Structure formats: C-alpha cells, structure tokens
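Each remark here refers to the structure printed beneath this line.
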Amino acid sequence: MIENKHKPDKLTGVKGMNDILPCDVGLWRFLENAIKSILHAYGYRNIRTPILEYTSLFRRSIGEVTDIVTKEMYSFVDSLNGQQLTMRPENTAAVVRAAIEHNLLYDGPKRLWYIGPMFRHERPQRGRYRQFHQVGVEALGFAGPDVDAEIILMCQRLWSDLGLTGIRLELNSLGHKHERAAHRDQLITYLEKYIELLDNDSKHRLYTNPLRVLDTKNPALQDIAANAPKIIDFLGEESLGHFKGVQSLLSANNVSFTINPRLVRGLDYYNMTVFEWVTDRLGAQGSVGGGGRYDPLIKQLGGKPALACGWALGIERILELLREDNPVPSDDGCDVYIVYQGDVAHSRAFVMAEQLRDTGLDVVLHCSTDNTSVSLRSQMRFADVSGAMYAVIIGDDEVRQDEVSIKLLRSDRTITNADRIQQRVPTKCLAEFLTNLIAAKTKKY
Ligand code: ATP
Ligand code: MG
C-alpha cells in the first residue's frame with residue numbers, strides 16, 4: 001500500500017449542524033426539564049417518531065409551494081430500494097401520520113408532545129441551522145377554542161418559568177377554506193395592481209400561495225402588504241366567534257397579545273387560529289415558535305376527520321435568549337470523585353465506588369491515563385475538572401485507619417465555610433455521610 005504522505009483533510013461536522021458539547025448540555029437539560037414539567041402539568045404525552053419519513057408525507061401536508069418543500073428539505077432516494085425519503089423538516093405531519101397509522105384517536109382525543117432534531121437546508125446563521133431542535137405539542141381531536149388557548153398558555157408558562165422577557169404573542173385567524181378562498185381572490189386582484197413592484201419571490205407566490213406574499217420580509221413590500229385586504233374581514237360568524245373565544249380565554253388568564261392580520265404561517269395546513277411568539281432580541285431570527293389549528297390535516301392524510309391544533313418552538317432560539325439572560329448552569333458533574341494512592345487503596349476504591357452507586361450516588365473513580373500511578377495531588381486536578389461535588393480520598397494513612405477523607409470541590413453560593421473543611425470518616429459510614437451531605441444541598445436543577 002502506498003503511504004499517503006499528505007496530512008489527511010481535517011474532518012469537520014456538516015455545515016449548519018452543530019455538536020452539543022458536554023459544557024453546553026447543562027443548559028439544554030435545564031430547558032428540557034422546564035419544558036417537560038410543563039407538558040406533564042397539562043397532561044400531554046410523549047410520542048417519538050422516526051427522523052426519516054416518505055417524502056410524500058411532507059408534500060401532502062406542508063404543501064407543494066411552501067419554502068420548506070420547494071427548497072429546504074433534505075430528500076434523497078434510498079439506494080437500496082429506490083424509495084423517496086426525507087429527513088423530517090418539522091414533526092406535525094409525522095405525529096398525525098403516526099396517530100392515523102396506529103389509530104390513536106379510537107378512544108377519544110389525544111394530547112401529544114415531541115422533542116427532537118429537525119432538518120432544513122437553509123443558509124446557516126445565528127439562530128438558523130440545518131439541524132435544529134424543536135419541541136412541539138399536538139392536541140388531536142379537540143374543537144377549541146379552549147384547547148387553542150390552553151396550548152398558548154403552556155408557552156406563556158414556559159417563558160415565565162424560565163424568566164424570559166421580551167417575547168410577544170401575535171395572533172390571527174385564517175378562518176375556513178371558503179373564507180380564505182374569497183380573501184384570496186381579492187388579494188390577487190389587489191396584488192396584480194402592484195405586479196411591477198413585486199420581487200421575484202412574491203411574483204412566484206402571487207397565484208400559487210398569495211397569502212405568503214403578506215408574510216414577506218422584503219422592506220420594499222411592507223406598505224403593499226400592510227394595505228392588502230385582510231383575511232379577518234372575510235371571516236363569517238362562526239370563525240369570528242371561535243377567534244373571539246380564544247382571545248377572551250387568553251385575556252382572562254392575563255396573556256397579552258396583538259392581532260397581526262398579516263400573520264399567515266409558512267405551512268399550508270393551518271386554518272382558523274394561528275399564532276407566533278416573536279422577539280426583537282434575536283436579530284433577523286425573530287420567531288421563537290408558533291402554531292395554530294390545522295383542522296383539515298388528519299382527513300387530508302387519510303384519517304377519520306378530527307380537529308387539531310399544535311405548536312412548535314425552536315430550542316436553539318430559546319437557548320440563545322436564556323444564555324443572554326442567565327448565568328449558564330454548569331453541566332451537572334457527579335456527586336463524588338474517588339482518588340487513591342497505592343494498590344490496596346485502588347481495589348478498596350473500586351469496591352467503594354460500586355457500593356456508593358448502590359446507594360444512588362453518582363460516582364467517578366479515578367482511572368489511570370497511561371498505566372502509571374500518579375500522585376494524589378495530580379488526581380485531585382482531575383477531580384476538580386470533573387465537576388464532582390466531593391472528592392473522596394484514600395491515601396496510605398486512610399488505608400491504615402480504615403477511613404476516607406472527604407473534600408468539597410464545587411463552589412457555589414449554597415456552600416458554607418464549615419462545608420469546606422476536609423473531613424475524615426470511617427469507611428463504613430461513608431455512604432450515609434455523603435448521602436446526608438448531598439441531600440442537604442440542592443444537587444441538581
Ligand atoms: P423562520 O421564519 O425563522 O424561518 P419558520 O416559520 O420557518 O421560522 P416554523 O416552521 O414555524 O418556523 O418552526 C417553528 C420554530 O422552529 C421557529 O419559530 C424557530 O424557532 C424554529 N426554527 C425553524 N427553522 C429553524 C432553523 N433553520 N434553525 C433553528 N430554528 C429554526
Ligand atoms: Mg423558515
């Protein structure tokens with residue numbers, strides 16, 4: 001074999017797809033825990049669907065002329081069987097597909113949630129990645145407007161539990177299909193008057209998806225979009241009643257909102273209530289999350305007709321806000337790091353580590369990096385960077401006395417000077433001693 005004298009190319013991750021390193025995981029877990037406790041508080045149940053789905057699922061749900069389907073999907077042909085597959089760009093379609101496939105609504109409506117990676121081929125920038133994460137809820141089989149308000153309240157509770165400010169709620173109603181059709185006709189007539197001024201994207205959407213022209217981010221088109229016919233003026237009594245119902249439930253629960261008549265959402269399956277959480281704190285990526293009703297979707301995908309609504313929030317964008325607002329919680333290190341000197345201490349430490357784990361403590365036992373024994377002092381440096389709360393030290397003297405020394409490693413505000421003193425305890429009392437010490441502190445967030 002010819003040896004390659006050239007240095008191999010440096011390996012990197014795929015553009016727009018991020019590694020989440022151990023030092024970042026503390027904040028992720030903090031957010032995930034906050035989210036999960038709210039989802040449980042409202043009785044939502046977790047559902048986990050695959051990353052890959054047949055491409056047709058997204059074409060039939062999200063819509064053929066949406067940005068996601070026309071230019072953002074990671075789609076490919078399975079070389080083994082020629083099937084067209086897509087890495088999920090969002091998860092509502094898959095949850096609905098799974099609910100239909102497994103007949104989940106057979107005994108009544110369902111409140112579901114998911115969390116996980118989504119994939120869109122976009123230009124990577126702050127808050128916009130090619131692999132990103134969403135948490136979402138889908139309330140399947142409910143007519144609203146109470147459920148519409150419920151899912152909005154869940155987000156509001158999340159912002160308040162996380163201490164996040166500067167996130168506004170925008171609300172609109174897209175009404176029923178026939179109401180959108182009447183609005184669409186007038187909207188096209190209106191936009192045709194300005195056809196010369198429209199950008200290419202908007203010209204493209206004029207006859208395929210004119211509602212999306214209202215959503216344009218092009219500053220030059222803001223006036224045209226602002227003065228366009230508003231969908232709300234086309235809503236009949238029932239749609240208006242539903243929309244008012246959502247608003248009054250939100251007001252009764254002190255949720256502030258503004259009505260944005262141009263809010264249309266980028267996916268085709270929405271109807272009636274739509275909403276978006278927006279912030280000015282993330283530059284161009286102002287949308288933290290959004291959702292609404294998608295009553296026609298279950299039927300459209302072949303299920304027994306049932307009404308539905310949901311939302312999806314972007315985890316990376318929430319994390320960005322959290323990082324700005326709060327000191328980053330450290331990754332949660334172990335309770336105990338055990339260091340030792342000599343062979344007798346080593347085997348004693350090994351057994352001790354297992355016994356401590358039996359009692360429920362999280363324990364790291366020092367292991368050699370190169371098969372030579374290192375001093376207690378150097379082992380303590382490993383203990384320090386491990387993030388463990390306590391070091392348990394077994395030196396020669398401890399072996400002779402059948403004792404161990406315990407040293408506090410982490411510094412945080414809950415720690416008193418008395419805690420800092422290194423203590424010696426008989427080996428047999430170690431587990432109880434440590435458990436009491438750790439129970440007295442708020443160990444994990
Ligand atoms: P945007 O207008 O920013 O492209 P969107 O309307 O495409 O957002 P949705 O499809 O409604 O977004 O997805 C819900 C949430 O998922 C967004 O509000 C955002 O927080 C997050 N999100 C969407 N696309 C990305 C991405 N490429 N990178 C990171 N987060 C994203
Ligand atoms: Mg987008």
Side-chain angles (χ1 to χ4, degrees), residues 20-37 40 46 326-445:
I20 302 159
L21 300 177
C23 58
D24 299 323
V25 167
L27 193 62
W28 278 76
R29 284 182 37 160
F30 169 76
L31 175 57
E32 285 161 4
N33 289 343
I35 288 169
K36 283 175 194 168
S37 84
H40 287 171
N46 190 207
N326 300 312
V328 175
S330 65
D331 179 28
D332 45 348
C334 263
D335 299 319
V336 178
Y337 191 104
I338 305 181
V339 302
Y340 49 84
Q341 187 80 70
D343 290 344
V344 178
H346 186 188
S347 63
R348 200 173 278 187
F350 210 91
V351 173
M352 191 182 289
E354 281 301 292
Q355 288 168 344
L356 293 178
R357 290 178 190 123
D358 286 343
T359 69
L361 292 168
D362 301 338
V363 181
V364 170
L365 177 65
H366 181 80
C367 286
S368 159
T369 55
D370 60 3
N371 282 328
T372 58
S373 58
V374 285
S375 67
L376 278 179
R377 179 195 284 269
S378 345
Q379 291 183 42
M380 285 300 281
R381 279 202 290 274
F382 286 96
D384 264 329
V385 296
S386 77
M389 180 75 94
Y390 290 97
V392 165
I393 305 156
I394 318 175
D396 293 337
D397 195 46
E398 282 88 350
V399 169
R400 273 194 297 278
Q401 311 283 333
D402 201 10
E403 290 182 341
V404 294
S405 297
I406 298 170
K407 184 165 189 268
L408 180 74
L409 298 172
R410 252 193 253 169
S411 57
D412 65 43
R413 268 171 283 139
T414 62
I415 283 164
T416 63
N417 278 339
D419 287 329
R420 292 184 195 285
I421 300 166
Q422 186 164 320
Q423 309 187 46
R424 282 280 276 262
V425 293
T427 307
K428 63 176 187 311
C429 304
L430 175 64
E432 194 186 343
F433 187 83
L434 279 173
T435 312
N436 289 341
L437 266 182
I438 287 166
K441 316 231 159 295
T442 38
K443 193 171 69 122
K444 289 187 174 131
Y445 32 86

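Residue indices begin at 1 and follow the sequence shown. Keep in mind that what you see is a predicted model, and the values were worked out from it rather than measured. All heavy atoms count here, side chains included; hydrogens, waters and symmetry mates do not.
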To the nearest 0.5 angstrom, please state how far the [atom1] atom of [X] sits from the [atom2] atom of [Y].
X: M352; Y: K428; atom1: CE; atom2: NZ; result: 12.5 Å
X: H366; Y: S386; atom1: NE2; atom2: OG; result: 11.0 Å
X: Q423; Y: E403; atom1: CD; atom2: CD; result: 12.0 Å
X: C429; Y: N436; atom1: SG; atom2: CG; result: 11.0 Å

task = Test side-chain contact (heavy atoms from CB on, under 4.5 Å) on I393 and Q341 and set out the steps.
result = CA-CA 8 Å; I393 305 156; Q341 187 80 70; over 6 Å; no
Side chain [X], main chain [Y], donor-acceptor under 3.5 Å:
X: D335; Y: D362; value: yes
X: Y337; Y: V385; value: no
X: E398; Y: G395; value: yes

ask   = Can you list every pair that meets salt bridge (Lys or Arg N to Asp or Glu O under 4.0 Å) and has a residue in residues 372-397, with sequence neighbours left out?
value = D397-R400, D397-R424
Determine whether [X] and [Y] make a side-chain contact, defined as any pair of heavy atoms from C-beta on separated by less than 4.5 Å.
X: L356; Y: I338; result: yes
X: V25; Y: C23; result: no
X: L365; Y: Y340; result: yes
X: T369; Y: F382; result: yes

message = For the CG atom on D358, are there more than 12 heavy atoms of other groups (residues, nucleotides or ligands in this structure) within a distance under 6.0 Å?
response =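 Atom CG in D358 is packed in, count exceeds 12.
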inquiry  = How about CD on E432, more than 12 heavy atoms from neighbouring residues, nucleotides or ligands closer than 6.0 Å, or not?
reply    =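 12 or below, so no.
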Which residues share a side-chain hydrogen bond (donor to acceptor under 3.5 Å, both in side chains) with Q379, sequence neighbours left out =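 Per chain and number, Q379 pairs via side-chain hydrogen bond (donor to acceptor under 3.5 Å, both in side chains) with no residue.
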query = Sequence neighbours excluded, which residues qualify as side-chain hydrogen bond (donor to acceptor under 3.5 Å, both in side chains) partners of H346?
reply =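 Not a single residue meets the side-chain hydrogen bond (donor to acceptor under 3.5 Å, both in side chains) criterion with H346.
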ask   = Quick one: do E32 and R29 make a salt bridge, cutoff under 4.0 Å?
value = no
ask   = Please walk me through it: do L437 and M389 pass side-chain contact (heavy atoms from CB on, under 4.5 Å)?
value = CA-CA 10 Å; L437 266 182; M389 180 75 94; over 6 Å; no
ask   = What is the minimum heavy-atom distance between S378 and V374, and which atoms define it?
value =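 Smallest interatomic distance, heavy atoms only, reads OG-CB, 4.2 Å.
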note = Looking only at heavy atoms, the pair that brings A388 and L409 closest together is O-CB, 3.5 Å
Worked check of side-chain contact (heavy atoms from CB on, under 4.5 Å) between T427 and I394 = CA-CA 10 Å; T427 307; I394 318 175; over 6 Å; no
